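First the structure, in the form of structure tokens, and then the observations on it.
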Amino acid sequence: MKLKDILVLPECRVLSQGNPEREISRIFCCDLLSIAMGKAPSDGVWVTVMGNRNTLAVASLTDTACIVLAEGVALDEDTLSKAAEEGIAVLSTEQPAFDIALKIYQAGLS
Amino acid sequence: MSEQLTFTYTIDGNDFTRAGEASSSVKNKLKMLGVGSDAIRKVAIAMYEGEINMVIHADGGVITVSVSDNDITMVLADKGPGIPDISKAMQEGYSTAREEVRSLGFGAGMGLPNMKRFTDEMHIDTELGKGTTITMKVHL
Ligand SMILES: Nc1ncnc2c1ncn2[C@@H]1O[C@H](COP(=O)(O)OP(=O)(O)OP(=O)(O)O)[C@@H](O)[C@H]1O
Ligand SMILES: [Mg+2]
């Protein structure tokens with residue numbers, strides 16, 4: 001699955017695009033930052049309801065490809081432009097974490 | 001033997017928005033130096049956890065990172081309250097994080113265990129009321 005397969009999902013709003021051709025490794029759900037720090041896979045999609053500057057720091061240090069903010073969680077402009085600068089995709093959705101993770105998983109299968 | 005490179009960072013206490021910048025900077029520098037991606041990931045994770053602990057628990061401090069041919073050494077020194085019981089603090093799930101930092105996603109009690117897991121050597125030197133110095137090494 002490539003990042004572009006996720007960017008087109010109708011459930012998600014793209015806040016930062018990243019590199020659409022980037023190959024995605026896995027999908028990972030977690031809201032506690034130090035657990036995510038230890039377990040988020042490189043080149044992964046990270047689904048979380050924790051939207052702040054530290055979310056981006058963890059994503060950046062673990063080489064996460066894409067942050068998906070579930071439950072309508074937002075990220076401030078400053079952090080979004082930093083994400084864009086670092087080439088990390090950020091998506092936002094009204095859906096709960098499991099539902100959107102499942103849709104992304106299914107998008108990768110088709 | 002080639003020269004040893006050293007980077008020093010002063011970490012501001014209680015500035016959550018900037019916490020992580022030192023770790024990012026080290027990550028980028030190691031990338032430019034051509035250090036392998038596994039070692040970079042270990043250093044980035046361990047240093048970030050230590051950096052954020054300094055901000056949350058110790059009102060900032062100083063981080064020194066040195067790179068030699070054989071390893072990367074991180075020394076994180078703070079003048080915070082010290083750690084009363086190291087073996088308790090090292091347990092997964094143990095945290096004294098305040099409610100306001102928990103609401104930011106911290107407080108899983110996994111920071112120190114991550115630092116241990118992602119480094120090859122780790123030593124904690126702490127004195128109550130004086131501060132804590134954590135030394136970590138990642139072998140290359
Ligand atoms: N530099 C420090 N100075 C004083 N106490 C510390 C320091 N670092 C860690 N501690 C103590 O050790 C505990 C465990 O630290 P650890 O990093 O594992 O978890 P945490 O910071 O509470 O939560 P998490 O890292 O999962 O977000 C802390 O809650 C704190 O009581
Ligand atoms: Mg911690």
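Within every chain, numbering begins at 1; the chains are lettered A, B, ... in the order of the sequence lines, protein sequences first and strands thereafter. From a predicted model like this one, the values you see are computed outputs, not experimental measurements.
- The line from CZ of Arg102(B) to CG of Leu33(A) is 12.5 Å long, rounded to the nearest 0.5 Å.
- Listed for the Asn54(A) side chain is a donor-acceptor partner under 3.5 Å among the backbone atoms of Phe16(B).
- In this structure, chain B has heavy atoms under 4.5 Å from both the backbone and the side chain of Ser42(A).
- With a 4.5 Å cut-off on non-hydrogen atoms, Thr62(A) touches chain B through its backbone and its side chain both.
- Interatomic distance, OG1 of Thr17(B) versus CG of Asp76(A), reported as 9.5 Å (0.5 Å rounding).
- Summarising the local packing, CD of Glu77(A) is surrounded by 12 or fewer heavy atoms from other residues, nucleotides or ligands at distances under 6.0 Å.
- Under a hydrophobic clustering in which Ile, Leu, Val, Met, Phe, Trp and Tyr are joined whenever their side-chain heavy atoms come within less than 4.5 Å, directly or via other members, Tyr94(B) and Ile83(B) fall into different clusters.
- For chain B, no part of Asp78(A) is nearby; none of its heavy atoms comes within less than 4.5 Å.
- The number of heavy-atom neighbours closer than 6.0 Å to CD of Glu71(A), taken from other residues, nucleotides and ligands shown, is above 12.
- Contact count against chain A (heavy-atom pairs under 4.5 Å) is highest for Ala108(B) among Pro113(B), Gly20(B), Ala108(B).
- One hydrophobic cluster holds both Met74(B) and Phe118(B) under the rule that ILVMFWY side chains link at heavy-atom gaps under 4.5 Å.
- Put simply, Leu102(A) and Met1(A) are part of two different groups of oily side chains (I, L, V, M, F, W, Y) that touch within less than 4.5 Å, one to the next.
- For a residue to count as touching a neighbouring chain, one of its non-hydrogen atoms must lie under 4.5 Å from one of that chain's; by this rule Ser103(B) touches chain A with the backbone only.
- Neither Phe98(A) nor Trp46(A) shares a network with the other; the hydrophobic side chains, linked directly or stepwise wherever heavy atoms of I, L, V, M, F, W or Y lie under 4.5 Å apart, form separate groups for each.
- With hydrogens and angles disregarded, a donor-acceptor distance shorter than 3.5 Å links the side chain of Asn114(B) to the backbone of Ser34(A).
- Most heavy-atom pairs under 4.5 Å with chain B: of the set Val49(A), Ile35(A), Leu56(A), this distinction falls to Ile35(A).
- The number of heavy atoms from other shown groups lying within 6.0 Å of NZ (Lys79(B)) does not exceed 12.
- At a heavy-atom cut-off of under 4.5 Å, chain A is reached by Arg41(B), Ala44(B), Ile45(B), Tyr48(B), Glu49(B) from residues 40-49 of chain B, listed in order of number.
- Residue Lys116(B) places its NZ atom among 12 or fewer non-hydrogen atoms of other residues, nucleotides or ligands, all under 6.0 Å distant.
- Asp15(B) and Arg53(A) are not joined by a salt bridge, as no carboxylate oxygen comes within less than 4.0 angstrom of a charged side-chain nitrogen.
- For Arg117(B), the part lying near chain A is the side chain, with the backbone staying farther off; criterion is any non-hydrogen pair under 4.5 Å.
- A 4.5 Å side-chain heavy-atom check between Leu61(A) and Lys27(B) finds at least one atom pair inside the cut-off.
- Placement of Val75(B) and Ile72(B) in two distinct hydrophobic clusters is found when ILVMFWY residues are connected by side-chain heavy-atom separations under 4.5 Å, directly or transitively.
- With a threshold of 4.5 angstrom between heavy atoms, Met50(A) approaches chain B through side-chain atoms but not through N, CA, C or O.
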